[in-house]
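Here the structure is laid out as structure tokens; the discussion comes afterwards.
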Amino acid sequence: MAGHEPPASRPIVACAVQTPLRRAFDYLIPHNIDPGAVMPGNRVQVPFGRRQVVALILHRVDVSTVDPMKLKPITAVLDEQPLLDPLHQQLMRWVSDYYLHPIGEVYPLALSPCERRGEPPASMGEPGLKLTLRGQGLPENALKRSPRQAQLLALLQAEAQPLSALRDAGISTGIVRQLIAKDLAVRCQIDGNPAWNAGPPLPPSSEQQEAISAIRDTLGGYRCHLLDGITGSGKTEVYLQAIASCIAGSRQALLLLPEIGLTPQMLARFKERFDAPIVVLHSGLSDGERDRGWSAARAGKAAIVIGTRSAVFVPLARPGLIIVDEEHDAGYSQQDGLRYSARDVAVKRGHLADCTVVLGSATPSIESLDNVNRGRYQLLRLRQRAGGASLPSARAIDVRGLALRGGLSTEMLDTVRQTLDRGEQALLFVHRRGFAAGLQCHDCGWVAQCRHCDAGLAVHRHPIRLRCHHCGWNRDLPGHCQHCGGSRLASTGVGTEQSEAVLAAQFPGTALYRVDSDTMTGKGSRDAFHSAVRDPAPAIMIGTQMLTKGHHFPRVTLVGVVDADNLLFNPDFRGEERLLQLLYQVAGRAGRGDHPGQVLLQTRHPEHPIIARALREEYGVMAAEIIEQRYQRGLPPVGAMAVMRCDSTSLDQGIGFLQQVKREMNTTASTLIGPLPAAMARRAGRFRSQLIVMADTRRALALAMNTLVAVAEALPRPSGLNWFVDIDPIETL
DNA sequence: AGCACGCCGACT
DNA sequence: GTCGGCGTGCTC
Ligand SMILES: [Zn+2]
Ligand SMILES: [Zn+2]
């Protein structure tokens with residue numbers, strides 16, 4: 001079909017087509033399309049197999065390696081101007097190369113939902129309503145017979161209104177429709193506030209001032225700062241003032257947060273400070289909202305973009321500053337599809353686009369601290385808490401041989417009581433949700449197992465069921481042991497529900513909040529909890545890690561870690577780093593403001609080096625020791641690591657495939673470990689295995705991984721088997 | 001991943 | 001007879 005005319009006479013372009021295939025696809029530019037209109041970063045519609053798809057132009061191709069008879073022509077050019085500027089194309093190309101992910105799946109991450117579908121980019125303004133000429137001609141007291149319509153008319157007579165503002169004013173869409181039907185009003189676009197102003201800053205401490213100045217001095221070029229600031233030291237104020245400087249130079253600022261739940265309070269703080277367009281981008285928004293925010297960011301209309309990990313890919317017309325808050329947080333690492341670290345992409349982006357990058361954390365990652373040591377990042381430290389509040393005191397409770405109620409020792413319960421008696425609040429951290437971690441037969445040791453995973457089932461009370469926390473499978477609570485028939489079944493390990501029940505009985509009448517993924521289902525429950533927390537009355541908060549993320553608890557003076565041992569013997573090489581970060585983050589919730597805080601750790605291993613010293617030493621001292629250990633053991637940040645993972649319908653199939661890949665790799669520049677079954681080999685009915693790759697240098701790792709992927713691609717793929725690679729994996733289990 | 005083609009079992 | 005099961009092969 002394409003071959004009626006000598007194809008070589010037409011120009012050829014390489015395109016990123018949305019497909020998991022790890023290559024670009026070449027297309028001809030037909031006669032009816034001006035080759036000048038086909039620019040890199042433009043979207044085009046192309047035939048692909050038997051269907052038409054949206055693709056992005058990568059570059060011109062002088063000599064295609066594809067059989068000329070197979071080349072097809074582009075169907076249509078979808079954009080007059082490229083949606084991705086050359087720097088952004090370079091970033092997306094880097095992501096594809098670095099993470100060894102198909103280019104056709106990487107490029108669309110820089111597009112909004114409607115752009116991915118091939119639709120025109122969204123217009124920037126907010127959808128709104130304005131009066132027609134006829135509506136403008138009405139007298140001020142018109143529509144008296146219909147008070148709601150009159151109210152809307154009055155609002156519109158003042159000025160055109162965004163639909164969201166009308167909703168807030170209590171005007172239903174029905175009223176809007178009625179005015180439109182009467183030809184008094186029409187839908188329109190309301191442009192955002194064009195001002196880029198910052199309100200007065202809070203007076204900074206000398207440390208904050210130093211940090212702000214250091215960041216300010218590097219604006220306009222690439223520099224990465226690590227803002228190492230203990231909880232309550234005012235990192236956000238540093239962000240605000242650095243951003244104020246950035247937008248004063250009419251460059252845009254991008255602030256990344258590790259999870260959606262942190263955006264509302266950050267946005268509130270930003271709206272208070274800035275009279276400037278702020279765009280929020282995360283997966284909790286509707287497609288339309290994302291489309292509009294995306295357009296505003298790319299057009300340079302948005303002064304500030306606040307978003308979660310995927311927002312690192314949003315095009316910005318004039319990027320000036322990229323901030324990654326809580327940079328140590330695992331939420332920046334995507335765990336499926338393209339396995340990227342938004343923090344690492346942010347740093348690369350800053351480097352390519354000459355932006356200043358700020359990584360902020362109270363517990364910086366080992367990688368970032370190492371980058372400071374190597375002189376790649378500049379360290380900015382905040383060591384004082386606002387208002388001079390003192391750091392919490394920490395103590396371990398040795399619970400060996402103690403009678404526990406709901407996992408709580410008498411000492412813990414007594415300290416909770418004292419805290420409440422002083423009119424203060426207590427926060428208790430339990431590692432698991434549900435009532436108990438497992439169910440075991442007292443007579444034969446049988447443990448209730450998930451049908452689809454190599455994992456035990458957790459006991460839940462509301463409703464009463466056994467539930468797998470890895471796949472969601474659940475069953476009723478058995479009355480008898482499934483192995484010996486005995487009836488003495490006992491729950492093992494404590495979950496949030498159990499501690500909650502004990503606390504409710506011990507402290508009747510005291511406000512008690514449980515925060516885990518079972519109670520924090522909707523947006524409403526989260527909001528309700530956060531407003532409850534601001535209530536100064538004595539209260540107990542109990543929950544999982546969810547409770548530790550970034551939130552402010554001004555009245556909490558006691559933090560209890562109910563089962564500190566849970567993270568103690570994690571075989572992953574990042575286990576200790578995780579534990580340390582968790583302990584310091586949890587402790588950071590205690591004693592803000594003028595009340596000193598205390599932290600209690602319940603443990604059966606009080607002699608464990610981390611438990612014994614954590615929270616007495618500074619985080620940085622403990623982290624330095626972990627870095628030292630990593631160097632001794634030759635683990636990241638020394639050299640580089642990657643994993644090829646496999647999931648399949650049988651374990652042998654996965655291991656066999658990885659073995660075959662390993663056999664065909666004759667590398668000396670890297671070390672291959674495995675293949676080995678994953679820590680939980682069977683999960684949701686799939687068997688997981690992995691091949692770990694370690695190399696002394698990034699370059700050697702990239703080389704090895706490229707070959708590894710090429711080998712795996714060339715191998716026939718057994719049905720039901722999936723493989724993928726994970727560069728800089730956050731866990732190797 | 002889609003989406004086709006293709007070749008064998010149980011339904012109108 | 002054909003509706004449909006998913007094996008395997010291809011996409012510029
Ligand atoms: Zn038994
Ligand atoms: Zn399961």
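Naming: A, B, ... by sequence-line order, numbering from 1 per chain. Quick note: numbers below take in every heavy atom, side chains included, and nothing from hydrogens, waters or symmetry partners.
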- [ ] Pick base, sugar-phosphate or nothing for A/Arg51, based on heavy-atom distances below 4.0 Å to the nucleic acid.
- [x] sugar-phosphate

TODO: Go through the side-chain N and O atoms of A/Gln581 and A/Glu577 and say whether any donor and acceptor fall under 3.5 Å apart.
DONE: yes

Task: For atom CZ of A/Arg50 and atom C1' of B/dA1, their distance in whole Å - done: 15 Å

Task: Test salt bridge (Lys or Arg N to Asp or Glu O under 4.0 Å) applied to A/Asp516 and A/Arg433, step by step - done: CA-CA 6 Å; A/Asp516 54 34; A/Arg433 64 192 165 90; over 6 Å; no

TODO: To the nearest Å, give me how far apart OH (A/Tyr107) and P (B/dA1) are.
DONE: 22 Å

Task: Rounded interatomic separation in angstrom, taking CD from A/Gln18 and P from B/dG2 - done: 9 Å

Task: Whole-Å distance separating the CD1 atom of A/Ile57 from the C1' atom of C/dC12 - done: 12 Å

TODO: Would you kindly give the CG-to-P distance between A/Leu71 and C/dT11, to the nearest whole Å?
DONE: 12 Å

Open item on the list: Could you tell me how far apart A/Asp62 (CG) and C/dC12 (C1') are, to the nearest whole angstrom?
Closed with: 17 Å

Task: Interatomic distance where CG belongs to A/Asp67 and C1' belongs to C/dC10 [whole Å] - done: 14 Å

TODO: Scan A/Phe48 against the nucleic acid and name what it touches under 4.0 Å (heavy atoms): base, sugar-phosphate only, or nothing.
DONE: base

Open item on the list: For A/His328, run the side chain to side chain donor-acceptor pair (under 3.5 Å) check against A/Ser361, A/Ser365, A/Ser368 and tell me which one passes.
Closed with: A/Ser361

Task: A/Trp473 and A/His452 aromatic ring geometry - parallel, tilted or perpendicular at 30°/60° bounds - done: perpendicular

Open item on the list: Below the 4.0 Å mark, does C/dC12 have OP1 or OP2 next to a side-chain nitrogen or oxygen of A/Lys70?
Closed with: no

TODO: Specify the separation, in whole Å, of atom CZ of A/Arg717 and atom C1' of B/dG2.
DONE: 13 Å

